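Inspection log for the structure reproduced underneath, given as structure tokens.
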There are 2 protein chains.
Amino acid sequence: MKKVAVMGTGSVGQTLSLKFVALGYDVMLGTRNVEEKLAATSKDAYGNPPFREWHEANKSVKLGTFGEAAAFGEAVVNATNGGNSIGALKMAGEENLKGKILIDVANPLDFSRGMPPGLLSDLSNTNSLGEEIQKTFPAARVVKTLNTMWCGLMVNPQLINGGDHNVFICSDDSEAKEDVKGILLLFGWSEKNILDLGGLVAARGTEMYLPLWLSVFGATKNGAFNLKFVS
Amino acid sequence: MKKVAVMGTGSVGQTLSLKFVALGYDVMLGTRNVEEKLAATSKDAYGNPPFREWHEANKSVKLGTFGEAAAFGEAVVNATNGGNSIGALKMAGEENLKGKILIDVANPLDFSRGMPPGLLSDLSNTNSLGEEIQKTFPAARVVKTLNTMWCGLMVNPQLINGGDHNVFICSDDSEAKEDVKGILLLFGWSEKNILDLGGLVAARGTEMYLPLWLSVFGATKNGAFNLKFVS
């Protein structure tokens with residue numbers, strides 16, 4: 001597997017794309033509308049510089065529509081905003097996801113009630129974004145991982161504590177899960193720190209951890225942190 | 001403050017009671033019905049031995065109704081099942097909670113859909129048990145803490161990793177929060193590991209962490225673990 005599609009052009013998608021490129025993958029970022037995305041000249045809603053600037057500096061990453069990217073990738077990463085993920089993946093097209101590993105790193109954050117966000121009620125507690133994606137695209141091989149930290153740490157765990165902290169993984173597809181564990185190892189995660197939580201139902205817990213993450217971030221003003229389980 | 005009421009006679013209430021006694025506090029456990037509680041001769045729903053056996057071995061802990069215990073305590077600990085906490089505290093009586101520190105260590109787990117439990121939907125995401133208690137008893141001084149771990153660790157953090165792992169605390173009453181931090185220090189928590197998350201709204205995050213806790217417990221079969229944030 002050497003061709004990867006990354007859905008979503010925000011900081012998470014950018015960070016993951018560059019890491020895959022650095023690892024020798026051929027990468028296409030997927031977005032809703034390529035022309036609109038490149039035409040924007042002002043900062044986005046999150047204060048990031050216009051995507052065009054990043055794209056000009058990182059020509060190694062291809063750019064296409066959600067559908068083009070999904071058709072291109074042998075594996076697909078969902079790095080869209082959690083609230084838009086199902087819609088974005090529908091635009092990617094069910095046929096383009098069929099049989100492919102779909103790495104879901106998104107969280108169903110609900111910004112409608114102000115900051116800090118909670119979770120979207122229909123995608124939490126008795127459901128999760130990871131499970132909803134799997135239900136919507138039953139032929140995709142959904143693996144939930146990496147959603148519990150700032151994207152800088154996803155691809156460079158060594159940034160803090162000598163890389164000694166935890167990442168979670170869960171999936172209903174054991175083979176897909178093992179393949180994605182291999183990617184986590186390439187990202188720099190050590191095997192002992194990859195915590196396999198079993199089936200995709202465990203995505204509920206990893207997504208419901210976000211409000212605590214946001215509280216800790218609010219208290220410390222430092223996003224470069226992660227949890228490590230000790231026993 | 002040397003008289004403490006602990007609401008709830010389960011393993012959390014028992015463990016906290018004995019720790020308070022060991023620290024020189026005068027402790028009364030509160031329960032719905034003292035006679036019924038002492039009459040039971042079979043294991044409870046969680047597989048614990050009959051309360052009577054524990055009580056006979058630990059006569060230093062007084063036993064009373066929720067109301068008697070709350071009237072007795074200068075501070076009150078809520079260690080009841082989260083789904084019953086509001087009802088239990090109503091039985092304790094609003095007058096008996098007035099002006100008192102109320103340490104809430106419970107979680108609003110919903111066992112109605114089988115195992116592992118999720119959270120009660122009306123007490124999660126946009127609400128929390130801690131906040132609901134504060135709203136229901138506005139004259140109580142609610143402090144949420146200790147709800148993110150097995151009770152054995154609450155009162156003996158040194159059991160694992162040399163005591164180096166985190167406990168959260170939040171409250172809308174800053175003085176009450178400082179007093180409870182003092183209790184955490186007595187329990188053996190080091191100051192650097194007590195993470196102050198600010199106001200009681202942060203109880204949402206600490207309670208929503210429970211599904212992840214349960215997933216990790218399910219994967220490792222070891223409840224004597226806790227998280228430590230590294231950065």
Side-chain angles (χ1 to χ4, degrees), chain A residues 108 110 112-113 116-128 148-150 153 157 159-166 168-170 193 195-199 201-231, chain B residues 108 110 112-113 116-128 148-150 153 157 159-166 168-170 193 195-199 201-231:
Chain A
D110 177 8
S112 70
R113 293 185 184 86
L119 297 185
L120 294 161
S121 59
D122 58 335
L123 293 177
S124 64
N125 201 16
T126 54
N127 194 12
S128 62
T148 51
M149 68 196 77
W150 167 57
L153 293 179
L159 268 182
I160 59 168
N161 207 44
D164 191 16
H165 43 102
N166 289 116
F168 306 105
I169 191 166
C170 63
N193 287 324
L195 200 36
D196 187 337
L197 298 180
V201 67
R204 296 178 192 180
T206 69
E207 296 176 11
M208 289 173 79
Y209 162 70
L210 262 287
L212 179 61
W213 189 96
L214 289 160
S215 282
V216 173
F217 175 55
T220 62
K221 314 294 181 201
N222 170 21
F225 75 90
N226 193 15
L227 58 72
K228 171 177 152 62
F229 283 116
V230 295
S231 60
Chain B
D110 177 8
S112 70
R113 293 185 185 85
L119 298 185
L120 293 162
S121 59
D122 59 335
L123 293 177
S124 64
N125 201 15
T126 55
N127 193 13
S128 63
T148 51
M149 69 196 77
W150 168 58
L153 293 178
L159 266 184
I160 59 168
N161 207 43
D164 191 16
H165 44 102
N166 290 116
F168 307 104
I169 190 166
C170 64
N193 287 325
L195 200 37
D196 186 338
L197 298 179
V201 66
R204 295 177 194 182
T206 68
E207 295 176 11
M208 289 172 80
Y209 162 71
L210 262 287
L212 180 60
W213 189 95
L214 289 159
S215 282
V216 173
F217 176 54
T220 62
K221 314 292 179 201
N222 170 22
F225 74 91
N226 193 15
L227 56 73
K228 170 177 153 63
F229 283 117
V230 296
S231 61

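Letters go in sequence order (proteins before strands), and every chain restarts at 1. This structure is a prediction, so every number in the text was calculated from the model and none was measured. Hydrogens, waters and symmetry mates play no part in the numbers below; they use all other heavy atoms, side chains included.
- Chosen from Pro116(B), Gly223(B), Pro211(B), the residue pairing most often with chain A at heavy-atom distances under 4.5 Å is Pro211(B).
- Contact record, Ser215(A) with Ala202(B): OG-CB, 3.8 Å, taken as the closest heavy-atom pair.
- Under the side-chain contact (heavy atoms from CB on, under 4.5 Å) test applied with Phe229(A), the options Asn226(B), Leu227(B), Ile160(B) reduce to a single match, Leu227(B).
- For Asn166(B), no part lies under 4.5 angstrom from a heavy atom of chain A.
- Between Leu195(B) and Val216(A) there is a side-chain heavy-atom pair separated by less than 4.5 Å.
- For the atom pair Asp196(B) CG and Thr220(A) OG1, the distance stands at 12.0 Å (nearest 0.5 Å).
- Of the atoms belonging to Leu119(A), heavy atoms from both backbone and side chain fall under 4.5 Å from chain B.
- Once rounded to the nearest 0.5 Å, the distance linking CG of Asp110(A) with OG1 of Thr126(B) reads 9.0 Å.
- Separating the CG atom in Asn161(B) from the NZ atom in Lys228(A) is a distance of 6.5 Å, to the nearest 0.5 Å.
- When each of Ala219(B), Gly218(B), Ala224(B), Gly205(B) is scored by its heavy-atom pairs under 4.5 Å with chain A, the top score falls to Gly205(B).
- In this structure, Asn125(A) CG and Met208(B) CE are separated by 7.5 Å, a value rounded to the nearest 0.5 Å.
- Applying the side-chain hydrogen bond (donor to acceptor under 3.5 Å, both in side chains) rule to Ser124(A) yields no partners; only residues at least two apart in sequence or on another chain are considered.
- Atom OG1 of Thr148(B) and atom CG of Leu212(A) lie 8.0 Å apart (nearest 0.5 Å).
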